[in-house]
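Count residues from 1 along the sequence. None of the values given here were measured: they were computed from a predicted structure.
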Amino acid sequence: MDNGDVPREVDTSKAHTARIYDYFLGGKDNFAADRETAARAMAAWPPVRTAARENRAFLGRTVRYLAEEAGITQFLDLGSGLPGVGNVHEIAQDVNPAARVVYVDNDPIVLAHGRALLDSTPEGKSVYIEADMREPESILEHPVTRDTLDFSKPVALMLVAVLHFFPDDDEARRIVEPLVGALPPGSYVVSSHGTAEYEPAAIEAGKAYTRGGVGVTGRDADVFADLVFKGLTLVSPGMVVVSEWRPEPGAILPPRAEISMNGAVARKP
């Protein structure tokens with residue numbers, strides 16, 4: 001992307017998680033700083049791009065499960081990143097055209113592209129808000145959130161590949177608890193998180209992110225589960241490597257060591 005094509009408030013000199021992820025997924029909405037950090041991460045741990053793509057596929061399968069089998073029609077997607085193929089609203093509205101989705105991110109370029117590219121079905125609704133995950137109450141109270149989602153009915157909270165960018169456990173818990181607490185019974189939480197428990201070398205990719213100005217930390221499955229899914233009921237197959245969560249029939253799964261990202265879906269009683 002040409003730096004002259006972006007909003008003035010976007011700082012293209014610093015890497016951003018959404019744009020690095022966009023690069024790994026083969027997108028074009030990224031800049032030199034993002035590509036440099038991504039290249040360092042791939043040099044440090046080559047499977048990192050495979051991990052990103054498997055995580056994106058996990059997102060798609062979980063949304064389809066929620067829309068088709070769990071009957072969820074409302075989604076709150078935090079740290080949603082740049083729009084690509086298979087966005088939450090596209091999958092959910094393919095199942096139910098009346099599905100409603102709120103995307104949340106704090107990168108102005110995400111907001112700009114989201115508004116331009118994410119067309120909803122007439123029956124449903126798909127909106128972006130610019131907000132900071134570190135202020136969960138402001139997200140919940142945002143007028144666009146309240147106008148789009150009905151918190152008297154089940155909502156799916158999506159925290160996919162975002163919490164590892166909050167290295168402090170207490171801060172991550174302070175983000176998660178009010179969000180999950182606001183969900184009515186019958187709601188679901190979807191989350192994935194980087195880990196080095198299957199391949200210690202994956203830590204090197206995290207170090208490359210950190211050197212690029214993007215703090216990141218891995219958490220093992222038990223720590224991740226306690227942080228996000230405490231008090232919730234895990235949906236089968238439970239906490240697994242993202243590529244192993246209800247894969248497509250006949251799919252050839254990559255080794256766990258090439259993914260190093262756990263994920264799960266859980267229901268709030």
Tightest non-hydrogen contact, residues L25 and A52, listed as CD2-O, 3.8 Å
Given the rule that I, L, V, M, F, W and Y join up when any side-chain heavy atoms are under 4.5 Å apart, are Y21 and L159 in one cluster? no
Hey, is the main chain of N30 close enough, under 3.5 Å, to the side chain of R35 for a donor-acceptor pair? yes
All pairs passing side chain to side chain donor-acceptor pair (under 3.5 Å) where residues 260-269 contributes a residue, at least two apart: E197-N262, Y198-N262
Beyond-backbone contact of N106 with M133, side-chain heavy atoms, under 4.5 angstrom: no
By the salt bridge (Lys or Arg N to Asp or Glu O under 4.0 Å) test, which pairs, at least two apart or in different chains, include something from residues 64-77? R64-E68, R64-D94, E69-R246
Applied to residues 223-242, the ring pair (Phe, Tyr, Trp, His ring centres under 6.0 Å) test, sequence neighbours excluded, yields H193-F224, F224-F229
Would the distance check show the side chain of Q74 and the main-chain N or O of D150 forming a donor-acceptor pair, the cut-off being under 3.5 Å? yes
Looking at side-chain heavy atoms only, is the closest gap between V242 and I259 below 4.5 Å? yes
With a 4.5 Å limit on heavy-atom distance, are the side chains of L253 and E54 in contact? no
Provide the full list of side chain to side chain donor-acceptor pair (under 3.5 Å) pairs with a residue in residues 232-245, sequence neighbours left out, each pair given once. E244-R256
Side-chain contact, heavy-atom cut-off 4.5 Å: V104 with V102? yes
Would you call Q93 and E123 a side-chain contact if the rule is heavy atoms closer than 4.5 Å? no
When you check the side-chain N and O atoms of S192 and N55, is any donor under 3.5 Å from an acceptor? yes
Just so I know, are the side chains of F24 and R53 near enough to count as touching, which here means a heavy-atom distance under 4.5 Å? no
Would you please name every residue forming a side-chain hydrogen bond (donor to acceptor under 3.5 Å, both in side chains) with D132, sequence neighbours left out? R134
Start with the C-alpha distance between L157 and F75, add both sets of side-chain angles, then the distance that settles side-chain contact (heavy atoms from CB on, under 4.5 Å), and finish with yes or no. CA-CA 6 Å; L157 172 64; F75 296 81; over 6 Å; no
side-chain hydrogen bond (donor to acceptor under 3.5 Å, both in side chains) with Y65: which residues, sequence neighbours excluded? none
Does the side chain of Y128 reach to within under 4.5 Å of the side chain of V144, using non-hydrogen atoms? no
Pair listing, salt bridge (Lys or Arg N to Asp or Glu O under 4.0 Å) test, anchored in residues 205-219, at least two apart: D169-R219, E204-K207
Going by atom type alone, with no hydrogens or angles, which donor-acceptor pairs under 3.5 Å involve a side-chain atom of residues 37-47 and a protein atom two or more places apart or on another chain?
from	atom 1	to	atom 2	distance (Å)
T37	OG1	A33	O	3.2
T37	OG1	R40	NH2	3.4

Checking D220 side chain against D222 main chain: does a donor-acceptor pair fall under 3.5 Å? no
Residue pairs meeting salt bridge (Lys or Arg N to Asp or Glu O under 4.0 Å), one or both in residues 139-149, sequence neighbours left out, come to K125-D147
Specify the closest pair of heavy atoms between S126 and H89, including all atoms of both residues, with the distance to one decimal. OG-CG, 3.5 Å
Is it the case that R174 places NZ or CZ above or below the six-membered ring of F166, under 6.0 angstrom from the centre and within 45 degrees of the axis? no
Is it true that Y23 and F165 fall in one hydrophobic cluster, defined by side-chain heavy atoms closer than 4.5 Å? yes
Considering residues at least two apart in sequence or located in another chain, which fulfil the salt bridge (Lys or Arg N to Asp or Glu O under 4.0 Å) criterion with D34? R19
Donor-acceptor pairs under 3.5 angstrom involving side-chain atoms of residues 178-189: please list them, not counting sequence neighbours.
from	atom 1	to	atom 2	distance (Å)
S187	OG	V155	N	2.9
S187	OG	V155	O	3.3
S187	OG	P184	O	2.8

List the atom of G215, the atom of P167, and the distance in Å for their closest heavy-atom pair. C-CG, 4.3 Å
Taken to the nearest 0.5 Å, the spacing of E177 CD from K230 NZ works out to 8.0 Å
Please determine whether residues I129 and F151 belong to a single hydrophobic cluster, defined as Ile, Leu, Val, Met, Phe, Trp and Tyr linked transitively by side-chain heavy-atom distances below 4.5 Å. yes
Do you know the tightest heavy-atom contact between V265 and L66? CG1-CD2, 4.2 Å
When clusters are formed from ILVMFWY side-chain contacts under 4.5 Å, directly or step by step, what else is grouped with V223? none
Least distance between heavy atoms, G212 atom then A15 atom: O-CB, 3.9 Å
For the residue pair L163 and V228, establish whether any side-chain heavy-atom pair is separated by less than 4.5 Å. yes
